[in-house]
Protein chains: 2
Amino acid sequence: MTAASDRVVDRLREQILGGEYAPGERLGEVELAEKLGVSRTPVRDALRRLSAEGLVDITTNKGARVVEYLRADLEHIFQIRAHVEGLAARAAATAASAADIDRLEHIATALREHSEAGRLNEVYRLNAEYHSTLNNLAGSSVVTATVGQLIHASVLLRTLHAFDDAARRRSVNHHLEIVAALRARDGDWAEAVMHAHLLSARASLLGPRRVQAPAYGDPADTPEEPE
Amino acid sequence: MTAASDRVVDRLREQILGGEYAPGERLGEVELAEKLGVSRTPVRDALRRLSAEGLVDITTNKGARVVEYLRADLEHIFQIRAHVEGLAARAAATAASAADIDRLEHIATALREHSEAGRLNEVYRLNAEYHSTLNNLAGSSVVTATVGQLIHASVLLRTLHAFDDAARRRSVNHHLEIVAALRARDGDWAEAVMHAHLLSARASLLGPRRVQAPAYGDPADTPEEPE
DNA sequence: CGTTCGTTAGTTGTGTACATTTAATCGACC
DNA sequence: GGTCGATTAAATGTACACAACTAACGAACG
């Protein structure tokens with residue numbers, strides 16, 4: 001809320017997403033308070049807020065831990081993102097101004113350069129910025145808030161598995177293709193590419209899906225299949 | 001977290017969803033603390049947690065208020081729910097046990113009776129239970145958590161506009177039809193009905209959509225249109 | 001030797017006092 | 001008479017002290 005609590009939230013979020021705290025690691029209030037030079041009160045506030053963002057799990061009388069997502073959870077997250085961000089891309093195709101699209105293209109181009117240079121930290125940062133920018137273009141705070149949480153969870157993945165070269169190129173191309181679809185004011189196209197983009201990311205990060213898995217949404221249920 | 005804080009959260013949630021606090025109404029910490037017989041600390045905790053659930057807005061140094069959703073936000077919420085709960089219904093068609101489906105049918109039947117008798121409070125409660133039960137059948141805590149927030153926002157609507165008789169009958173029939181689709185193990189069918197169910201609820205609650213609205217997802221982008 | 005119960009250290013939950021910020025009211029000046 | 005500014009009251013943010021709970025260690029008994 002106030003500057004102290006805000007700073008604690010920002011710092012902890014950065015550290016968790018940066019991998020300085022491993023999934024499942026305990027986050028003691030007193031330890032954090034000493035380390036950050038504040039009292040327990042703003043630390044408690046910050047942990048509650050991060051719990052709201054889905055980054056930590058809090059159990060009564062047992063404290064806070066960094067969240068651990070199951071493989072199935074992560075599959076569902078990308079499934080949902082594919083649909084919701086697909087809708088956002090469709091909306092952006094009609095709502096975005098030329099300047100908005102320029103801005104998005106700028107991010108996508110920078111993303112390609114950093115990707116080819118192998119600067120992964122920049123890639124992760126710009127990728128998050130690209131998606132959040134696009135979701136905002138849908139003009140819906142609900143979309144931004146809903147997907148924001150899911151994106152955080154997705155980012156926690158990055159320590160698990162890195163994209164191979166082919167997947168990285170696919171991802172870069174998707175970002176650029178979506179910009180093209182927006183310029184063409186083609187909502188169908190934009191939604192379809194975004195859908196594919198997130199399902200391909202899921203495949204790259206999680207590997208082949210187990211067919212006998214309790215399927216939440218089949219790969220075959222893609223919304224847009226005009227042809 | 002502890003019993004006191006939990007009780008405050010439950011009570012405030014009930015009061016907010018029950019309409020005892022109007023959207024936009026201020027929630028003072030001291031006032032609530034006195035009224036509930038606890039100190040400010042658990043009240044603050046509770047307000048932070050309700051903020052996480054999307055029921056209150058907290059601004060630094062300015063306190064907590066009951067959330068106010070814009071009409072556009074609510075349209076987006078139902079749009080997202082249509083997709084995500086549609087996916088959940090599809091997954092449930094393969095994952096649900098016969099006992100699960102029986103339980104769901106029991107809820108749907110009770111819902112029909114209460115609806116015909118005009119007991120709206122029971123209708124709202126059972127409707128929330130039906131959706132949350134079905135989403136849980138998808139076996140994904142992510143779906144449950146994501147949609148849970150959106151459902152809360154939807155419930156806040158109920159003071160705005162009541163279903164007319166035709167809409168109420170449609171809603172009841174949808175719930176029963178989804179049960180039938182689950183029994184048939186037909187994921188496509190279940191998803192399609194759920195999608196229609198939520199878009200029809202949106203229409204009933206929000207009235208006709210303004211065509212020139214910055215469209216986030218067109219009515220025409222329904223995923224399942226086999227015929 | 002294993003199990004169980006009690007004690008103890010550490011952690012989280014709660015209450016309260018103090019600091020800081022916000023907003024409104026009153027007064028003075030233009 | 002109106003507007004700008006300062007003072008004051010009330011709210012939230014922070015810190016610290018105490019209470020309650022958890023879990024781990026150790027001892028005693030079977």
Side-chain angles (χ1 to χ4, degrees), chain A residues 1-16 20-69 141 145 152 156, chain B residues 1-16 20-69 141 145 152 156:
Chain A
M1 303 311 168
T2 184
S5 184
D6 282 338
R7 278 183 42 238
V8 174
V9 170
D10 290 341
R11 177 138 176 71
L12 280 180
R13 186 194 296 115
E14 194 179 340
Q15 289 184 323
I16 292 173
E20 297 183 42
Y21 291 105
E25 184 168 348
R26 196 142 176 303
L27 298 171
E29 295 178 1
V30 289
E31 175 190 344
L32 292 174
E34 291 176 4
K35 195 168 296 184
L36 299 174
V38 293
S39 88
R40 273 178 58 211
T41 307
V43 172
R44 284 176 65 83
D45 258 34
L47 289 175
R48 301 298 185 280
R49 284 204 263 168
L50 291 172
S51 164
E53 293 184 16
L55 286 181
V56 306
D57 264 344
I58 297 182
T59 311
T60 304
N61 290 327
K62 289 184 66 175
R65 316 185 84 90
V66 179
V67 289
E68 281 181 301
Y69 284 104
S141 61
H152 274 153
L156 286 173
Chain B
M1 304 313 168
T2 184
S5 184
D6 283 337
R7 278 184 41 239
V8 174
V9 170
D10 290 341
R11 178 140 177 68
L12 280 181
R13 186 193 296 116
E14 193 180 340
Q15 289 184 321
I16 292 172
E20 296 183 42
Y21 291 106
E25 184 168 347
R26 195 142 175 303
L27 299 171
E29 296 178 1
V30 290
E31 175 190 346
L32 291 174
E34 290 175 5
K35 195 169 296 182
L36 299 175
V38 293
S39 89
R40 273 178 60 214
T41 307
V43 172
R44 284 175 64 83
D45 257 34
L47 289 175
R48 300 300 183 281
R49 285 205 263 167
L50 291 172
S51 164
E53 293 184 17
L55 287 180
V56 305
D57 263 343
I58 297 182
T59 311
T60 303
N61 289 327
K62 290 184 66 176
R65 315 186 83 90
V66 179
V67 290
E68 281 180 302
Y69 284 105
S141 61
H152 275 151
L156 286 173

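As the structure is a computational prediction, the values presented were derived from the model and not from experiment. Scope of the values below: all heavy atoms of this structure, side chains included, with no hydrogens, waters or symmetry mates. Chain A is the first sequence line, chain B the second, and so forth, proteins listed ahead of strands; every chain is numbered from 1.
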Next on the checklist: If you assign each of A:Pro42 and A:Lys62 to its closest nucleotide in DNA chain D, which residue comes earlier from the 5' end?
Outcome noted: A:Pro42
Item to check | Between C:dT12 (C1') and A:Arg65 (CZ): distance, integer Å | outcome: 14 Å
Next on the checklist: Before you tell me yes or no, could you show the steps for A:Arg44 and B:Asp45 under side chain to side chain contact (heavy atoms under 4.5 Å, CB included), namely the whole-Å CA-CA distance, both residues' side-chain angles and the distance that decides it to 0.1 Å?
Outcome noted: CA-CA 9 Å; A:Arg44 284 176 65 83; B:Asp45 257 34; 3.6 Å; yes
Checklist entry - Taking the side chain of A:Val38 as its heavy atoms from C-beta onward, which of D:dA15, D:dA11, C:dT11 lies nearest to it? => result D:dA15
Next on the checklist: Please check this pair: side chain of B:Arg65 against backbone of B:Glu25, looking for a donor-acceptor N/O pair closer than 3.5 Å.
Outcome noted: no
Checklist entry - Starting at CZ of A:Arg48 and ending at P of C:dT12, how long is that distance when rounded to a whole Å? => result 9 Å
Next on the checklist: Side-chain N or O of A:Arg26 versus OP1/OP2 of C:dT12: is the shortest distance under 4.0 Å?
Outcome noted: yes
Next on the checklist: Evaluate A:Glu31 against A:Lys35 for side chain to side chain contact (heavy atoms under 4.5 Å, CB included), listing each step before the verdict.
Outcome noted: CA-CA 6 Å; A:Glu31 175 190 344; A:Lys35 195 168 296 184; 3.4 Å; yes
Checklist outcome for this item: Rounded to whole Å, CG of B:Asp45 lies from P of C:dG15 at a distance of 11 Å
Checklist entry - Looking only at side-chain N and O atoms, does A:Arg40 come under 4.0 Å of OP1 or OP2 in C:dG15? => result no
Checklist entry - Could you state the CD-P distance from B:Glu29 to C:dT21, rounded to the nearest angstrom? => result 17 Å
Next on the checklist: Looking only at the side chain of B:Asn61 (C-beta and beyond, no hydrogens), which of the listed nucleotides C:dT22, C:dG15, D:dA11 gets closest?
Outcome noted: C:dT22
Item to check | Comparing B:Leu27 and B:Thr41 on DNA chain D - which has the more 5′ nearest nucleotide | outcome: B:Leu27
Checklist entry - Can you check the B:Leu47 CG to D:dT12 C1' distance for me, whole Å? => result 11 Å
Checklist entry - Rounded to the nearest Å, what distance is computed from the CD atom of residue B:Glu34 to the P atom of nucleotide D:dT12? => result 11 Å
Item to check | A:Asp57/A:Lys62 ion pair, N-O < 4.0 Å | outcome: no
